[in-house]
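Counting convention: from 1, in listed order, for ligands and their atoms alike. Sequential numbering from 1 along the given sequence is applied to the chain's residues. Hydrogens, waters and symmetry mates are skipped; everything else that's a heavy atom, side chains included, is used. Since we're looking at a predicted model, the values are computed, not measured.
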Amino acid sequence: MTIRLGDIAPDFTADTTQGRISFHQWLGESWGVLFSHPKDFTPVCTTELGYVARIKPEFDKRNVKVIGLSVDPVDSHVKWEADIAETQGTPVNFPMIGDSDRKVSDLYGMIHPNANDTLTVRSVFVVGPDKKVKLSITYPASTGRNFDEILRVIDSLQLTAKHKVATPANWKHGDDVIIGSAVSDDEAKQLFPQGWKTVKSYLRVLPQPK
Ligand code: BEZ
């Protein structure tokens, strides 16, 4: 199944390392990050899960719940978590879905058969409080993800959900932003009375709104 931005994130019920969850109910009013890794007890995945555990306070600050997944069963995840805590310095502090029957992987198109016909690729889905998919990215098994980039995108998503702005290349929280192209100058005067800098008629820049 192809999941596109703006689609409702498919709901599911699954066993996790923190008990059985119903995805939408578990998300509640929060944002969510659902991410898959190819296989337990593998090196790149070990570093990824350790890093996500380490920066979980950053997700918490942004009201984002994080949940991992692979096609290994929950008891395998639990055994592997001891290695992650030992080698990465932080215990895994978010649930991991055991998807042995590939129910969730298939629902989210996390198995790419021409890459590997049994293991999940490194998928990331960011879901908004409205349960809609806001970001979807896919990395190959050989490349560990940059989870700081996921936080950066969440900052942009949360800002642009609140204000009629867009964020430029390599933007990070606190940098200048761009007035959305659908906003006329007249509307911009109402929205941003402090003014902005017109670089081109289609490129209007202003400090990040509070
Ligand atoms: C890894 O996490 O290191 C890995 C997992 C599956 C395939 C290749 C690498």
Side-chain angles (χ1 to χ4, degrees), residues 1-5 7 9-10 12-21 23 26-27 31-60 62 64-127 133-155 157:
M1 173 163 171
T2 305
I3 296 178
R4 289 162 298 195
L5 302 190
D7 291 353
F12 58 83
T13 300
D15 290 321
T16 82
T17 49
Q18 297 184 4
R20 197 157 175 80
I21 66 143
F23 186 51
W26 175 79
L27 282 171
W31 290 68
V33 172
L34 168 65
F35 71 104
S36 59
H37 64 270
K39 199 167 168 48
D40 292 1
F41 298 100
T42 52
V44 175
C45 300
T46 300
T47 62
E48 285 193 325
L49 290 235
Y51 192 75
V52 173
R54 214 147 63 234
I55 63 167
K56 176 147 179 303
E58 293 298 322
F59 288 106
D60 294 341
R62 293 162 173 83
V64 180
K65 291 186 175 176
V66 181
I67 188 163
L69 171 149
S70 83
V71 295
D72 297 294
V74 165
D75 61 341
S76 163
H77 292 340
V78 170
K79 286 184 194 133
W80 182 36
E81 282 185 356
D83 288 359
I84 297 169
E86 179 194 326
T87 62
Q88 307 302 305
T90 310
V92 176
N93 44 17
F94 52 87
M96 276 207 275
I97 297 166
D99 193 38
S100 325
D101 61 3
R102 303 195 207 173
K103 193 175 81 181
V104 182
S105 317
D106 285 341
L107 203 53
Y108 278 79
M110 291 166 163
I111 294 179
H112 294 202
N114 291 325
N116 187 302
D117 56 7
T118 54
L119 304 179
T120 42
V121 290
R122 298 187 195 279
S123 299
V124 184
F125 294 93
V126 174
V127 180
V133 175
K134 309 294 183 185
L135 172 77
S136 151
I137 55 175
T138 307
Y139 280 53
S142 52
T143 306
R145 285 159 285 197
N146 182 338
F147 287 94
D148 295 334
E149 166 64 2
I150 309 298
L151 287 172
R152 188 192 74 87
V153 179
I154 289 168
D155 282 343
L157 287 167

**Student:** Please confirm whether the backbone N or O of Ser123 pairs with a side-chain atom of Thr138, one donor and one acceptor, at under 3.5 Å?
**Tutor:** no
**Student:** Show me a pair-per-line table, with atom names and distances to 0.1 Å, of protein N or O atoms that are under 3.5 Å from an N or O of ligand 1.
**Tutor:**
residue: ligand 1; atom: 2 (O); partner: Thr42; partner atom: OG1; Å: 3.0
residue: ligand 1; atom: 2 (O); partner: Val44; partner atom: N; Å: 3.1
residue: ligand 1; atom: 2 (O); partner: Cys45; partner atom: N; Å: 2.8
residue: ligand 1; atom: 2 (O); partner: Arg122; partner atom: NH2; Å: 3.1
residue: ligand 1; atom: 3 (O); partner: Pro43; partner atom: N; Å: 3.4
residue: ligand 1; atom: 3 (O); partner: Val44; partner atom: N; Å: 2.8

**Student:** Taking NZ, NE, NH1 and NH2 as the nitrogens, is one of them in Asp60 or Lys56 under 4.0 Å from a carboxylate oxygen of the other?
**Tutor:** yes
**Student:** Before we go on, tell me: are the rings of Phe35 and Phe147 under 6.0 Å apart, centre to centre?
**Tutor:** yes
**Student:** Aromatic rings Tyr108 and Phe12: how do their planes relate, parallel, tilted or perpendicular, breaks at 30° and 60°?
**Tutor:** perpendicular
**Student:** Taking atom types as modelled, find out whether His77 and Asp72 have a side-chain donor-acceptor pair closer than 3.5 angstrom.
**Tutor:** no
**Student:** So, is the end of the Lys65 side chain (NZ or CZ) under 6.0 Å from the ring centre of Trp31 and within 45° of the ring's axis?
**Tutor:** no
